[in-house]
Amino acid sequence: MPPTDDSPLDRGAAYTAEAQRAERFNVLLLGRTGAGKSTLVNALFDVDLARTGIGRPVTERLTLHAVPGKPLGVYDAPGSELGTRSSELVHDLRDRIKSHTSGDLNEQIHMALYCVHAIDARLHPAEEGLIRKVSALGLPVLLVLTRAPLGHDGRLTRSAFEMAAYLESLQLPVHAGRAHAVVAVDDVETGESAHGLDALYEAMLEAAAPAVRSAIDRAVAKSVGRQSWARRRNAGMAVLKAAGEAFSTKNSDELLEKLISEVAAIYRVESGEAQEAAGTVVRLARTAWSVTRKASEAPSSGGAGTFADVIIEPAVITVIGTVWIGVCETLARGGLRTPDGSLDLERLRHDVEEDLLRRWRTQT
Ligand SMILES: Nc1nc2c(ncn2[C@@H]2O[C@H](COP(=O)(O)OP(=O)(O)OP(=O)(O)O)[C@@H](O)[C@H]2O)c(=O)[nH]1
Ligand SMILES: [Mg+2]
């Protein structure tokens with residue numbers, strides 16, 4: 001499999017991480033003092049950062065807390081939000097960050113969480129500059145709006161919403177282009193309840209390189225996002241199993257049907273809807289396959305085999321399976337729907353087609 005990218009339907013690809021995978025998830029914490037970085041990490045990973053001590057300096061401006069008993073490394077950069085120090089920090093980071101193809105994956109920084117307190121009215125220009133520079137180093141940056149409570153209607157309170165909208169308007173180079181709102185711990189005084197950690201965990205999985213996803217999963221608190229991860233793993237296993245069977249079976253249609261219904265069942269996609277969506281996916285897979293083959297085959301070669309011939313290749317099954325996992329996962333979350341709640345076939349067609357074409361192309 002080629003390395004996966006940031007396609008919206010790519011979340012199902014986590015299982016491809018098995019070949020090369022990080023044993024430890026290293027996360028860089030950024031944000032002003034008091035922004036809630038330690039509180040967030042403690043809740044998200046069920047650790048006690050204060051108890052891990054001051055950490056080991058890895059450069060002049062970067063400290064690493066290796067959390068005992070957890071596949072987690074927390075990089076801290078105290079005072080980095082202050083303008084003058086940020087360019088020095090970026091210098092340190094540049095030295096530290098290596099591409100995913102070189103260096104020890106376990107020593108690399110895999111992601112930055114930039115925390116902004118929801119009570120703040122604005123992001124300081126130095127903070128904005130730091131976010132842009134860190135992102136330019138190739139590090140996925142997740143913007144976290146901390147202490148952003150929900151009101152009685154289950155939506156962000158007005159001030160938190162306004163801060164989130166303002167952050168989005170800055171068009172920062174952060175994951176999904178927006179801030180992820182959380183309250184890390186309940187507040188008995190104000191009655192604010194913890195929320196947003198599951199969604200943040202999902203966003204981290206999305207933003208992470210595939211090789212890092214299983215370390216993230218092993219590092220997060222038991223209470224965070226377990227169910228969706230378990231589903232994704234099971235779906236991944238179903239795809240791998242089908243790919244294995246592709247070696248021995250000659251009936252590609254039957255194999256596909258089995259794969260599709262198994263994954264749909266794991267995500268509990270209602271069967272009528274699964275059939276409708278699967279029909280679209282399979283039709284598009286056939287078309288996209290022939291389009292990319294025609295483009296890549298030399299005219300003298302006599303053309304590629306038909307889709308039915310090649311579909312029993314494990315690689316083809318894995319591609320279709322991965323796309324299908326993404327579709328089911330999106331459906332299970334209530335995505336890919338028109339405002340009246342029915343399946344948005346137009347949108348599905350568009351997303352899947354792009355995804356498939358790209359995947360077939362990178363395969364050839
Ligand atoms: N109730 C509640 N309090 C929070 C939350 N997040 C942060 N706090 C409080 O806000 C204060 C600052 O949070 P920290 O997590 O220490 O902030 P920090 O970004 O690590 O600050 P520095 O270590 O100084 O850079 C602490 O008193 C926390 O208890 C939250 O989600 N809920
Ligand atoms: Mg702290």
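Starting from 1, each residue takes its place in the sequence as its number. Counting starts at 1 for both ligands and their atoms, following the listed order. Both backbone and side-chain heavy atoms feed into the values below; hydrogens, waters and symmetry mates do not.
Among Lys133, Arg61, Glu127, the single residue meeting the side-chain contact (heavy atoms from CB on, under 4.5 Å) criterion with Ser86 is Lys133.
For atom 11 (C) of ligand 1, the nearest protein heavy atom lies 4.0 Å or farther away. For atom 27 (O) of ligand 1, the nearest protein heavy atom lies 4.0 Å or farther away.
Heavy-atom proximity to Asp187, at under 4.0 Å, picks out these atoms of ligand 1: 1 (N). Atoms of ligand 1 found under 4.0 Å from any heavy atom of Thr39, numbered from 1 in the order shown, are 5 (C), 6 (N), 7 (C), 8 (N), 13 (O), 14 (P), 15 (O), 28 (C). Within ligand 1, counting atoms from 1 as listed, the ones closer than 4.0 Å to a heavy atom of Ala35 are 17 (O), 19 (O).
Of the N or O atoms in Val185, one or more lie within a sub-3.5 Å distance of an N or O in ligand 1.
For the ligand labelled ligand 1, residue Gly31 lies outside the 4.0 Å heavy-atom shell.
With a cut-off of 2.8 Å, the Mg ion (ligand 2) has an N, O or S atom of Ser38 in range.
Of the candidates Gly196, Ala77, Ser38, Ala148, Ser38 brings a heavy atom nearest to atom 23 (O) of ligand 1.
Residue-level proximity to ligand 1 for Lys37 is carried by backbone and side chain together, each with a heavy atom below 4.0 angstrom. Contact annotation: for Glu192 versus ligand 1, there are no heavy atoms closer than 4.0 Å.
In this pair, Phe45 and Phe25 present their aromatic rings tilted. The plane angle is within the 30 to 60° band.
Nearest to atom 1 (N) of ligand 1 among the protein's heavy atoms is Arg147 NH2, 3.2 Å.
Under the 3.5 Å distance criterion, the side-chain polar atoms of Glu270 are matched with a main-chain donor or acceptor of Gly272. For Asp344 (side chain) and Leu336 (main-chain N/O), no donor-acceptor pair under 3.5 Å exists by modelled atom type.
At a threshold of 4.5 Å between non-hydrogen side-chain atoms, the residues Leu30 and Leu113 do not count as touching.
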